[in-house]
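Since the structure comes first, as structure tokens, the remarks are kept for the end.
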Amino acid sequence: MADNCFLSWADDLERIIKDTIAPNANVVDREGRFPRESIDALANAGFLTLTIARAEGGMGASAAEFGTVVRRIAEVCASTAMVFVMHVTALNSIIALRPSAQRERFIRQVVHDRMLVTEAISEPGSGSQWWSVTSTAEETDEGYRIRAEKSFSTSAGHADLYIVSTQTPGSESDRDHAIFAVRADQGEIATGTWRGLGLAGNSSAWITFDSHVEKEALLYSGGDGEGLRHYNEVNQPIYHLGVSAAYLGIAAAALGACIERVRSRQYQGDLSGYGTNLKDYPIARRHIGEMSIQLEAAQSTVRNFAARIDAGEGLDDMAIQMTAVKVYCAEMAVKVAQQSMMACGGSAYAKDVLPVERHLRDAYAGSLMGPNDDFCKELIGKIAIEGTSYHDL
């Protein structure tokens, strides 16, 4: 894709950020409100089709460009960024289908109807270990009846299309996955209320399905773990990239707020012998320097990972870096936000004074998002020691 095409999108994105996302960010956080205005603005500008090929009516963005867009949104509103990440992740389940009437119909709906897509994967009984499912799908004359209970689903109650995992029809194994596309108007779909410490507006609530769907709603399935392997190959790289880019953006926002505060903060007198300006204090400069180093390292890792996705590398080849970059960015975002608060002082701890406390609350979610950081570290160790496949979860 030509650079000038992406630059035109960048202009559109900056306009949306200035006119809609930024003005709504504090309200979304304070009231726990789903960022509907921001998502609608992105949809109206075509960003919900970001990774759909241009020949199919989308923007045709690369993985690297997706990461850039996510980071920029996250710098302003982490809730909006995470809704967008899960939309693109879920949409990839459809984009990756073989050419067919089924695929064409779903793509057309997203492009022309501006459908918001999300995943409903994690379950109460397995937590962030999404590969174990107990939800079921029963084959019927018309299609399938899906009975599913999911513990966290971003955009729950607000999405138009849900990518839902169940056991493969007829299987009794929790590792035999079937992946369905379920419209919000199909059957009885109930959602809970989300009240998060951070990411307050992304509506990552529980959701249940008792839905009758047509046969074309089945995207992937298979025994002996085949459905799960297909899902992992299709969704895990883009998901990990999106989450990592989002936490890179949160950290960048915290650092930016800190720099602005350090530049402007003045004392009444030369209290510590370094002058009246906080920017002249060595400790403030050290804080800024350390945070900048962490951010630069994370940014390089995210860019490298995106380049490997764009080069078409397989999941097993990227598994360690894919898992590591998510952990690194999640932990880095917390460290940078904490250090920003220390550098800014007590004002950063108060709500509605500086945005640093919001960035810190948003950052804490990263390490808990599935697969959580504890599991990621154990998995990396297992792969490194035993040489096992990422699919052997």
Side-chain angles (χ1 to χ4, degrees), residues 14 17-18 20-33 35 38 70-83 85 195-202 204 243-267 271-272 274 276-299 302 327-369 373:
E14 291 305 316
I17 286 172
K18 178 182 177 182
T20 307
I21 299 178
N24 283 292
N26 284 334
V27 176
V28 166
D29 176 67
R30 190 184 314 115
E31 299 180 6
R33 180 192 301 178
S38 299
V70 170
R71 172 183 169 161
R72 186 68 189 99
I73 296 173
E75 289 178 12
V76 184
C77 179
S79 291
T80 301
M82 201 54 62
V83 169
V85 166
R195 297 184 63 191
L197 176 67
L199 298 181
N202 75 342
S204 188
V243 169
S244 300
Y247 284 93
L248 189 63
I250 292 169
L255 175 58
C258 180
I259 291 173
E260 184 176 340
R261 174 67 172 175
V262 168
R263 284 174 175 167
S264 62
R265 178 71 166 105
Q266 290 185 312
Y267 300 106
L271 307 176
S272 300
Y274 296 113
T276 60
N277 299 313
L278 181 56
K279 66 181 181 180
D280 295 327
Y281 281 51
I283 188 61
R285 295 177 178 180
R286 180 183 177 88
H287 279 310
I288 299 297
E290 289 180 344
M291 288 185 285
S292 297
I293 290 168
Q294 293 180 69
L295 199 62
E296 285 297 322
Q299 181 172 270
V302 171
V327 174
Y328 185 78
C329 287
E331 294 185 344
M332 177 275 303
V334 171
K335 292 176 182 177
V336 168
Q338 287 176 330
Q339 197 164 7
S340 294
M341 185 170 286
M342 287 297 298
C344 291
S347 295
Y349 189 71
K351 289 190 175 184
D352 299 323
V353 177
L354 299 176
V356 174
E357 62 87 23
R358 169 163 63 91
H359 300 321
L360 180 57
R361 288 187 286 105
D362 289 336
Y364 273 124
S367 292
L368 297 171
M369 293 179 67
D373 285 3

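Because only heavy atoms are used, hydrogens play no part in the values below, and waters and symmetry mates are left out as well, while side chains stay in.
To the nearest 0.5 Å, atom OG1 of residue Thr80 and atom CG of residue Asn24 are 8.0 Å apart. The SG atom of Cys77 sits 9.0 Å away from the CG atom of Leu199 when rounded to the nearest 0.5 Å. Between Cys329 atom SG and Leu248 atom CG the span is 5.5 Å, to the nearest 0.5 Å. Distance check, rounded to the nearest 0.5 Å: CG of Asp373 to CD of Glu331 gives 5.0 Å.
A donor-acceptor pair under 3.5 Å is absent between the side-chain atoms of Tyr247 and the main chain of Ala333, judged by distance alone.
You'll find the side chain of Val336 reaches within 4.5 Å of the side chain of Ser340, heavy atoms only. Contact annotation: the side chain of Leu278 never approaches that of Gln266 to less than 4.5 Å [non-hydrogen atoms, C-beta and beyond]. Within the 4.5 Å cutoff, the side chain of Met82 has heavy atoms near those of the Met369 side chain.
Taking the ring centroids of Tyr281 and Tyr267, they lie under the 6.0 Å cut-off.
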Just distance, no hydrogens or angles: give the donor-acceptor pairs under 3.5 Å from side chains in residues 288-296, sequence neighbours left out.
| unit_1 | atom_1 | unit_2 | atom_2 | d |
| --- | --- | --- | --- | --- |
| Glu290 | OE1 | Gln339 | NE2 | 2.6 |
| Glu290 | OE2 | Arg286 | NE | 3.0 |
| Glu290 | OE2 | Arg286 | NH2 | 3.1 |
| Ser292 | OG | Ile288 | O | 2.8 |

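Shown here is Glu260, whose CD atom has no more than 12 heavy atoms of other residues, nucleotides or ligands within 6.0 Å.
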Between Glu75 and Arg71, does the salt bridge (charged side-chain N to carboxylate O under 4.0 Å, His left out) criterion hold? Intermediate values first, please.
CA-CA 6 Å; Glu75 289 178 12; Arg71 172 183 169 161; 3.0 Å; yes
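The salt bridge (charged side-chain N to carboxylate O under 4.0 Å, His left out) analysis of residues 355-368, with sequence neighbours excluded, yields the pairs Asp29-Arg361, Glu357-Arg361.
Of all heavy-atom pairs spanning Val85 and Val243, the tightest one is CG1-N, 3.9 Å.
Applying the ring-ring contact (aromatic ring centres under 6.0 Å, His included) rule to Tyr364 yields no partners; only residues at least two apart in sequence or on another chain are considered.
Looking only at atom types and distance, the side chain of Asn202 has no donor-acceptor partner in the side chain of Ser79 under 3.5 Å away. One side chain, Arg261 or Ser347, offers a donor N or O that lies under 3.5 Å from an acceptor on the other.
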